[in-house]
Each structure stands twice: as C-alpha cells, then as structure tokens.
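Read the structure below first, then the notes.
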Amino acid sequence: MSKYYVTTPIYYVNDLPHVGHIYTTVVCDTLARYHRMVGDDVYFLTGTDEHGQKIQRAAAEQGVTPIQLADRVVERYTELWKELDITHDDLLRTSQPRHHMAVQEMVRRIAERDDFYVDRHEGWYCSGCEAFYTEKELTEEKHCPVHERPAEWEEEENVFFRLSKYQDALIEWYDQDPSPVLPLSRRNEVRSFVESGLRDLSVSRTKVEWGVPFPDKPGHTVYVWLDALTNYLSALGFGSDDSSLFDRYWQDDEGQRVHVIGKDILRFHAVYWPAFLMSAGLPLPTCVFAHGWWLRDDRKMSKSVGNVTRPDHLVESFGADALRLFLLRDMVFGQDANFSDEAFVDRYNSDLANGLGNTLSRLVTLSRRAFENRTPPKVAWDAELMTSANRAIDEYREGMEKYAFQRGLEALWRLLGETNQFLVSHEPWKLLKQPEERQHVAEVLATSLEVVRLVATALLPILPETAPKVLAALGVDAVASSEALRWGGLPVDSPLAEGESLFPRIDKKKYFADVTEPPTEGGAKTSSKDSGESAAAEVIAPIESEIAFDDFTKVDLRVADVKAAEEVPKSKKLLKLTLELDGVERTVVAGIKQQYAPEDLVGKQVIIVANLAPAKLMGIESQGMVLAASVGGAAVVLGTAQRVPSGTRVR
Ligand code: MSP
C-alpha cells in the first residue's frame, strides 16, 4: 500500500473562510478520497496558522487576545469542514503544545548544522504576507505586490538562516524528474528566482511576542513561516515521543508527501521549506502543487481587497456537492479562474440537473417500464459504449493522479453525453413496446446504466453525499474501490426503486430574482444564536468615504414595533416580520434567523430603513430593511434605549 500524505496550507485565523480557502481544502479532500479509493494508505492534514504579527494585530483591533480570536475562527473552520464533508485526519493548530515542541526541535536541528547566525536586519515587511520584500519587488508606491498595501520599514537584530548555502541543492531538486514543484510554469518561476541568487533569511522576530519562543535566544520569537511550515511535521508527532505517524508518512522512501497550496505562497513552500528540511536532514516533499486564484472582478479574492465570496448561500441552496463540483470543474488546476454565481448555477444545471440527474432518472424509468421495475437481465454489453467508458475512466484516473481534475471530470461528462446520444440513436422507448426487441432493449439499457454506475463511482471522491444516492438508485452499494471502477458491476435483474429527483433543475431567472443574501461580503454564516460573542472574527471594516449631510437625510430611518414574526420556509437565514409604523403595517424580511427565534422579537422595537425600494426575498416583498450590527457576519438587531412611539424618525 503506497503512503499518501496530503496537506492543505494552514489558514490564518484573522479571517473567516472564503471560497479561496475552501478550494484548497476541497481539492485535498478529493485527493484524499481518491487515493483511499485506489487503495493507498492516506493521511490528510489541515490546520490553522495562529501566530505572528498579522494575528496579533487583528486580535488587538478586535479587543480580544490572539488565542480568543483563534478559538472563534477555528470553531467556524471546524463547522465548515463538516458541512463540506471534508475527511481530514487531523486539524493542527499552531498554538498547540505539540506544535511548539516540533518547531523547537526543528530549530535545534538546524542549529546543529550551524545554519543560523545573528545579524542586524532591515527591510520592507508586509504583515499580510508575513514576509520581507526587496525594494525591487514592491510596487512604485512601496506597496506589497500581493496585498496592494504599504509595506513597513523594519529594523531589528534577527537570527538568520543560511538559505544561500542551499541554492545548488534546491536547483538540483527542481530538476528532478518528475518535477517536485508543479505546475511546470511555477517550477520554472521558482527555479529562476533561486538561480538569480538567494539571500539568507531572517527567521526570528523580536517585536512579535505571539509565537514560539526561539530556543536559546531569549526575546526572540520564531519567524512565523518557519513556525507555520513545520506544521506538516508536528501533526505527525515530530519532536514528540511517538514518531509512528512521522515514520509512516514522512520517512517512507516510497511514500508521497504532497502539499497543495495557492501560488501566493509558493516561495515559502518551494524554497524555504525544502531548505529548512535539507538543513534538518529530513526528507523533502515529493510534490508542491501551486494552484491559481479564484478571482472576483479579475482581482484575487481576498479579505484585504474586500471582494470575497462566502459560499454559504450557495451551499444552502444547492448543497455542498454542487460547490465541490463547481470548484473542481471550473478552475483549470494551476490557473486563475473567475468566480460567479451565475456560472455556478449554470454548472449545476448542465452537469448535475441535466447531465447526471436526467440521464439517471430517464434510465431508471425506462428500465422499470421494460423489465418490471428491475434492472435488465443478463445480456451482452454494447462494445462501443463500453470501450468509450473504459477510456473515460482511464482519463479520469489520469486526471486525478496528475492534478488535472477538470480534465478528469470532463471525460466523465463527455461519456454521459455519449450515452445520451447512444440512447437517442437506439430509441429504447420505442423498442420496449416490441417483444422481439427485448434483448436489444436490455443491452441498450444495461450498458447505459452501467455507464452511470461507473460515473457515479468515479464521482464518489467529488460528490460524497450525492454520488452514493445515484448508486443507491441503481440498487448498488457505494463502494469506493479500484474494483468498483472496473466495467461490469451493475447488478443483473435486480429491483429498482422509483427514483427521487436528486438534482432538481434551477430556474435561473427565478433564482436570481429571489436570491436573498448578497453573494460577496456579509453572507458569512455563524452558528450560534448568541451572536457576536462566538462569531466576531471579522476585523472591523474601514469607514466608507465621506458623504454630505443631505445625502444622509435621504435615508429615512424609523422606529417600528414588531407585531409578528415567522420563519421563511426553506430559508436558513430569513425571518418575515410584520412591523407597525404609526398605525400602518408593513412586511420586512430580515436575514437574522440564525441569531433570533421569531418569539425573541415580537413586542420589541427595531430600527428600519423605511424608504428603501421594496425587494423580493424568497418570493416575499420586503418593504424596508431592519438595521443590525454585523458581527463576523452575525446580526445583532438595533433597537431604542427606551420605548418611543412607533414611526418616530431616527437621526
Ligand atoms: N497561513 C498561510 C499558509 C501557511 S502554510 C504553512 C496562508 N494562509 S491564508 O489563509 O492566507 O491562505 C491559505 C490558502 O488559501 C493559501 O494557499 C492561499 O493561496 C489560498 N487562497 C486565499 N485566497 C485565495 C483565492 N482567492 N483563491 C484561491 N486560493 C487562495 O497563506
């Protein structure tokens, strides 16, 4: 059994997860599930990056301690990974003692090689990247090229790592075949960076206390990237008394050690990390794969740009599997891709509702009609479609193994398309009325049903919730194995239940007319009804640009009495409120259901924007908007300090 160790980057806890973070995790989960399916011995790690200046500052801005901030965000990550069916074996937090031990062990090993020295250091630092930049690398305005924010000039005495010593060894590593850094375009990029000359790296900070103390250097904290990268070892017990996982997944000569990362953190993983490992005398990763960015309006989706998509509304409306499929199918792994809700709905309709869902229900219905609610009896297969199917499965496997998910998935949907063509050309719906064609119908339906079984099996790593349902509709147990990926597993003459519609088609126009939450910022979901306390992970948003007093007075704010409140069916977020303003009732829909039960609000006074143009939310016309503070995406409804007549103006 080959060892397959796969890791996500560890996520900074100054931000709630968005599509960019989810993407890497979905990719790794798919890889982990696929490798388990083909019989590998898999260990899948994710985690959170909790130390450093960025987190220290974010916590201070929110008036909490760094660990309080981290605890809140980790709670949200844990919840989200559950919602998305992520099957990690461990979630490492860098604040954990096991990690501190591992980092200190790493530092000791590097020190034993005499690869550290102390020197004065000055340079431009971006706390977003937690990295120094040379002047040349900054923009003309001295802004960080990734975060597009000013870099800060820093001067202090630091411990340095002799990175330059590893230049030749790194080049040799990049030149291995197959390349350990992928895609090749990124390998080339990183190779020329190293070839142009490496400078030693500062690996301690004296101004940052929130981190791992540097062994034998009082007052120094381990540089957050040396700290963070070591997570890949600490989760395996490196530096502890129990090295069984470490030996099994990191020290195995034949094993794969795969880091999936975004392209913005390539240098850390493909230059610093292997150099640290070489110095510590440890094996290197076998693959560092840098994927592209999800963009919105052609800019990297990121908290600092303020253009992130929190995918809650999509998961709520379409399920986690639809998001998983979209992410894998609509980004060429390695390149950038634009995220749009419209493309998402299109993908859902074309691939799930039409491609998979329709083919399945059409075939089950036909087979039930032709063969007394059963699958066809034993027959010969259609050789041509069978050959196509085997080819498609080979392409799928190659796609999964070469990180070309999009290609692998395309092959499966091409096969479904071919199957539909095959049905159209044989017209079994006409033949099933002719008894002499029974054999022919059986062959056509059995071959097509077997294609669907194969496709659903191949989709188990991508659609963990719905692929088993497709298989169940065919009367097949969901078994994720190489064996199940071979042609011929369809049960013969076995009962078929009446199919439920697994992927109802979405009326795109109606969906976008009814859609409730804005697709970007603000849709962040939290689980607790006690609002702010456990959810406040959001850094306070910057103040909007100035407006004239006249502009402010255009917004008519009023006090309203809540007369009645009820849940909006099928929405996880919306409550429908009946409000009274000076004797006149109106309906207002508010996205506050996760924080308030209807009975919490009846009898209370709220503040509303009374002259907002009406909008339809889930088919209900909302005549105004209830004001609420948004704490990490959780609503805290605003009221008055004492009761006032309803309809009173607020200024
Ligand atoms: N903490 C570091 C990683 C340390 S690993 C030893 C970090 N954290 S992060 O939270 O900022 O980013 C985590 C991952 O999410 C990175 O791989 C990053 O590339 C990815 N993404 C963040 N925004 C992204 C997009 N808009 N699109 C795709 N992935 C992006 O970096």
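Because the structure is a prediction, the values reported are computed rather than measured. Both ligands and their constituent atoms are indexed starting at 1 by order of listing.
Both cation-pi conditions hold for Arg205 and Tyr125: the charged atom is under 6.0 angstrom from the six-membered ring centre and inside a 45 degree cone around its axis.
Using cut-offs of 30° and 60° for the angle between ring planes, the Tyr77 and Tyr11 rings count as parallel.
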Show which side-chain atoms of residues 270-284 pair as donor or acceptor with protein atoms under 3.5 Å away, not counting sequence neighbours.
{"unit_1": "Trp273", "atom_1": "NE1", "unit_2": "His259", "atom_2": "NE2", "d": "3.1"}
{"unit_1": "Ser279", "atom_1": "OG", "unit_2": "Asp115", "atom_2": "OD2", "d": "2.6"}

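Salt bridge Arg109/Glu105: present, at least one basic N to carboxylate O contact under 4.0 Å. For Glu189 and Arg186, the salt-bridge test passes: some basic side-chain N is under 4.0 Å from an acidic carboxylate O. Salt bridge absent: Glu79 and Lys82 never bring a charged side-chain N and a carboxylate O closer than 4.0 Å.
Listed by chain and residue number, the protein contacts of ligand 1 are Pro9, Ile10, Tyr11, Tyr12, His18, Gly20, His21, Asp49, Trp225, Ala228, Leu229, Asn231, Tyr232, Ile261, Gly262, Asp264, Ile265, His269, His291, Gly292, Trp293, Trp294, Lys300, Met301 (heavy atom within 4.0 angstrom).
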